[in-house]
Colleague: 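I have a structure here, written as structure tokens, and I will follow up with some questions on it.
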Amino acid sequence: MAATANRGAYDLNAYRNSRNARGNTQSGYVRGTAVPKTRPRPAPQTRPAHRPKVIRKTQKQLRAETRRSRAAAVRIVAIATVLFLALGLQIYSRVQVDELDQKLTEINQQISVIESDNTRRNMELNASVSLEKVDQYARNELGMVKISDYQVNYIKLSEEDMVEVSGGKSHDKNLAQKIKISKNE
């Protein structure tokens, strides 16, 4: 099929068709001589060159088109600027978060060091204030001894309440209350 549609240099169908149609003068060859003579072929018809349609615009239309293109360019630049700023702010905020995380980590490390030091000092304090250490300090440094049974005095609370004033005089408790009441009046 392609061979019939294409009349190229190697198309043999045109030769076969002209041979089969002997005596047909449409093929372009003349029979009867040793060298076939060809008839002049008419020049191929050329199409006129395709000219693009030219649209002529007025100055007003050109200015309007220029304004629209500038406005579009300004919009694109504005959108690009906003996107660039958003990206910059995103990067800046991530950097700030990273710096704050590093500071937080450092502060947590300092807190753990201080807490361990506090624990150590509390243990030292508890060890230095133990009852055994106090007992040793009291015996060795202050010369104190433990209390013996003969040094203990017991107080009897079943007797009547009395107030003893220096000089050997004693008064009952009710008298002391009366004195307080009379002073308040």
Colleague: Show me the side-chain donor-acceptor pairs of residues 136-148 shorter than 3.5 Å, one per line, residues at least two apart or across chains.
Modeller:
residue : atom : partner : partner atom : Å
N140    : ND2  : Q136    : O            : 3.4

Colleague: Which value, rounded to the nearest 0.5 Å, describes the distance between I114 atom CD1 and N118 atom CG?
Modeller: 9.0 Å

Colleague: Once you round to the nearest 0.5 Å, how far does CG of D135 lie from NZ of K133?
Modeller: 12.5 Å

Colleague: Might you point out which heavy atoms bring R56 and Q61 nearest each other, and give the distance in Å?
Modeller: O-OE1, 4.3 Å

Colleague: Check residues 98-106 and write down every donor-acceptor pair under 3.5 Å in which the side-chain atom is one partner and the other belongs to a residue at least two apart or another chain.
Modeller:
residue : atom : partner : partner atom : Å
T105    : OG1  : D101    : O            : 2.8

Colleague: From Q59 CD over to T66 OG1, what is the distance, rounded to the nearest 0.5 angstrom?
Modeller: 9.5 Å

Colleague: Sorted by first residue and then second, give each side-chain hydrogen bond (donor to acceptor under 3.5 Å, both in side chains) pair with at least one member in residues 71-93; sequence neighbours left out.
Modeller: Y92-Q96

Colleague: Is there a side-chain contact between R121 and L125, using heavy atoms and a 4.5 Å cut-off?
Modeller: no

